[in-house]
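See below for the structure under consideration.
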Amino acid sequence: MNSTICRLAIPAEEGFSLGDTLNCGQCFRWNEAEDGWFEGVVEGRFCRVSQDAQGLLLQGVADGEERFWADYFDLSTSYAEIRTKLCGNKTLAKAAEFAPGIRVLRQYPWETLCSFIISQNNNLARIRGIVARLCECFGDEISAGIYAFPTPERLAVLSESDLAPLRSGFRAKYILDAARKVSSGEVVLADVATMELDDARAVLQQIHGVGPKVAECALLYGFARMECFPMDVWMKRAMKHLFPKGLPRCARDNAGIAQQYIFHYARVCPDAFPSKL
DNA sequence: ACCCAGGCGACGA
DNA sequence: TCGTCGCATGGG
């Protein structure tokens with residue numbers, strides 16, 4: 001591996017937190033190494049990442065690919081500005097306090113879709129395990145022991161029993177249906193990227209195993225549709241208490257980021273949102 | 001032993 | 001169009 005360290009500057013006022021961003025449940029392929037660096041694979045590129053006061057430090061970045069990683073971490077967006085907008089609402093300001101350094105990553109559409117299919121009725125540790133096994137079993141080995149996320153074409157030719165080693169349970173047939181519809185062109189992700197939001201939702205939900213929540217996550221994390229607002233059990237609970245009349249107007253264009261703050265607040269302070277009312 | 005997990009599809013009313 | 005239930009697997 002190329003051991004040169006490359007830097008991507010992030011202004012301090014952004015309040016960026018690499019750890020919160022990679023552990024908040026939007027991505028599943030980053031692991032914290034012994035030395036505190038995060039190791040991950042994005043679109044077939046392995047990288048080690050850390051942060052200091054100046055911003056990100058990346059190890060293993062190929063020549064000319066700094067831009068790729070800056071895009072992945074969405075460094076051209078000012079989260080400080082977005083927070084200022086969101087914090088026009090008192091309750092949102094409070095929610096943002098718990099993890100202001102979270103940033104919505106710009107992930108690869110197919111991997112994101114597939115990962116959130118796996119996420120349903122599942123917990124973070126198990127999602128990561130299943131995704132890791134999916135890559136080890138069917139992804140290209142990009143270097144020793146490091147695997148890319150498998151393509152839809154590779155998965156489309158498999159059967160449910162081929163996926164048994166993943167131990168993904170009832171989700172196996174959903175993974176296969178997604179792979180087949182995407183590889184056959186029945187669902188064209190490049191088109192989904194530019195469609196009217198409601199059309200994009202409908203297209204994704206043609207896939208068996210993709211409902212409103214999975215589609216919303218795929219569109220937010222995999223297609224950078226910042227108006228999307230995934231509602232899982234945690235969010236429903238938190239919204240009932242914080243915004244019974246719905247999300248305030250100031251959050252409309254950045255609902256996805258507001259969702260990250262609220263979601264994290266609910267996870268960190270479960271006692272603030274009792275499940276029974 | 002039980003309950004739950006970043007839900008969804010099938011089914012019945 | 002609504003509520004309810006089963007679903008595979010694993011951890012607390």
Side-chain angles (χ1 to χ4, degrees), chain A residues 19-30 95 98-99 102-105 107 109 111-134 136-137 158-181 187 198 201-243 247 255-277:
Chain A
D20 285 348
T21 296
L22 298 182
N23 284 324
C24 71
Q26 63 174 319
C27 55
F28 308 101
R29 294 209 67 199
W30 288 97
F98 289 87
I102 290 181
R103 184 174 282 264
V104 174
L105 299 168
Q107 299 184 68
E111 174 175 341
T112 310
L113 173 63
C114 197
S115 297
F116 277 93
I117 287 172
I118 291 167
S119 80
Q120 64 186 85
N121 196 28
N122 214 338
N123 60 59
L124 199 51
R126 249 194 105 236
I127 298 164
R128 298 171 83 110
I130 293 168
V131 171
R133 291 190 289 278
L134 179 66
E136 284 161 24
C137 291
L158 302 176
S159 65
E160 262 188 71
S161 59
D162 293 324
L163 295 190
L166 307 184
R167 306 197 298 278
S168 60
F170 61 87
R171 304 164 194 84
K173 54 181 173 295
Y174 299 160
I175 296 169
L176 292 180
D177 191 59
R180 286 168 188 160
K181 289 201 166 102
V187 169
D198 278 332
R201 290 181 172 116
V203 168
L204 291 179
Q205 288 180 39
Q206 290 172 13
I207 296 166
H208 203 60
V210 177
K213 162 64 169 55
V214 170
E216 207 72 358
C217 285
L219 287 165
L220 175 59
Y221 305 122
F223 295 86
R225 295 292 188 104
M226 305 311 289
E227 327 86 283
C228 287
F229 195 75
M231 286 280 272
D232 70 329
V233 288
W234 293 94
M235 283 301 295
K236 284 177 185 166
R237 216 173 286 160
M239 287 302 287
K240 198 161 161 185
H241 288 256
L242 298 176
F243 304 104
L247 206 60
I257 294 167
Q259 188 269 359
Q260 289 286 29
Y261 297 146
I262 298 165
F263 178 72
H264 200 83
Y265 181 20
R267 297 300 300 265
V268 173
C269 308
D271 296 340
F273 311 105
S275 51
K276 293 179 178 54
L277 201 74

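No hydrogens, no waters, no symmetry mates; every other heavy atom, side chains included, goes into these values.
- Regarding A:Met239, its CE atom lies at a distance of 19 Å from the P atom of B:dG6, rounded to whole Å.
- In this structure, A:Leu166 and A:Ile118 have side chains that are not in contact, with every pair of non-hydrogen atoms separated by 4.5 Å or more.
- Counting non-hydrogen atoms under 4.0 angstrom, A:Leu124 reaches the backbone sugars and phosphates but no base.
- Rounded to an integer number of Å, the gap from CG of A:Leu22 to P of B:dG6 is 18 Å.
- Look at the P atom in both B:dC4 and C:dT4: the space between them is 15 Å, to the nearest Å.
- Taking the side chain as every heavy atom from C-beta outward, A:Gln120 and A:Lys213 never approach each other to under 4.5 Å.
- For the pair A:Phe116 CZ and B:dA5 P, the computed distance is 16 Å after rounding to whole Å.
- Using a 4.5 Å heavy-atom threshold, the side chains of A:Ile262 and A:Phe243 count as touching.
- Taking 4.5 Å as the limit, some side-chain heavy atom of A:Gln260 sits within range of a side-chain heavy atom of A:Tyr221.
- Inter-residue side-chain proximity for A:Glu111 and A:Arg29 is flagged as met; some heavy-atom pair is nearer than 4.5 Å.
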Per-nucleotide protein contact string for nucleotides 5-12 of chain C, where B marks a base within reach and S marks sugar-phosphate only (heavy atoms under 4.0 Å, - for neither): --BBBS--

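- Considering A:Pro165, A:Ser115, A:Cys114, A:Ser168 in turn, A:Cys114 is the only one that fulfils the side chain to side chain contact (heavy atoms under 4.5 Å, CB included) rule with A:Leu134.
- One P atom belongs to B:dC8, the other to C:dG10, and the distance between them is 22 Å to the nearest Å.
- No donor-acceptor distance shorter than 3.5 angstrom exists from the side chain of A:Gln205 to the backbone of A:Val210, with no hydrogens or angles considered.
- If you take CZ of A:Phe273 and C1' of B:dG6, they are 16 Å apart, rounded to a whole angstrom.
- In this structure, A:Ile118 atom CD1 and B:dC8 atom P are separated by 14 Å, rounded to whole Å.
- The pair A:Lys173-A:Asp177 fails the salt-bridge criterion, with no side-chain N (NZ, NE, NH1 or NH2) lying under 4.0 Å from an Asp/Glu carboxylate O.
- We find that the ring of A:Trp234 and the base of B:dG6 do not stack by the test of centres under 5.5 angstrom and planes tilted less than 30°.
- Residues from residues 205-220 of chain A with heavy atoms under 4.0 angstrom of DNA chain C: there are none.
- Residue contacts for A:Gln260: at a heavy-atom cut-off of 4.0 Å it reaches a base atom on one of the strands shown.
- A:Tyr221 comes within 4.0 angstrom of a base, heavy atoms only.
- Using atom P as the reference point in both C:dC2 and B:dG6, the two lie 26 Å apart (nearest Å).
- Ring geometry, A:His241 versus A:Phe273: the interplanar angle exceeds 60°, so the pair is classed perpendicular (tilted spans 30 to 60°).
- The nearest whole Å value for the distance from the CG atom in A:Asp232 to the P atom in B:dC8 is 10 Å.
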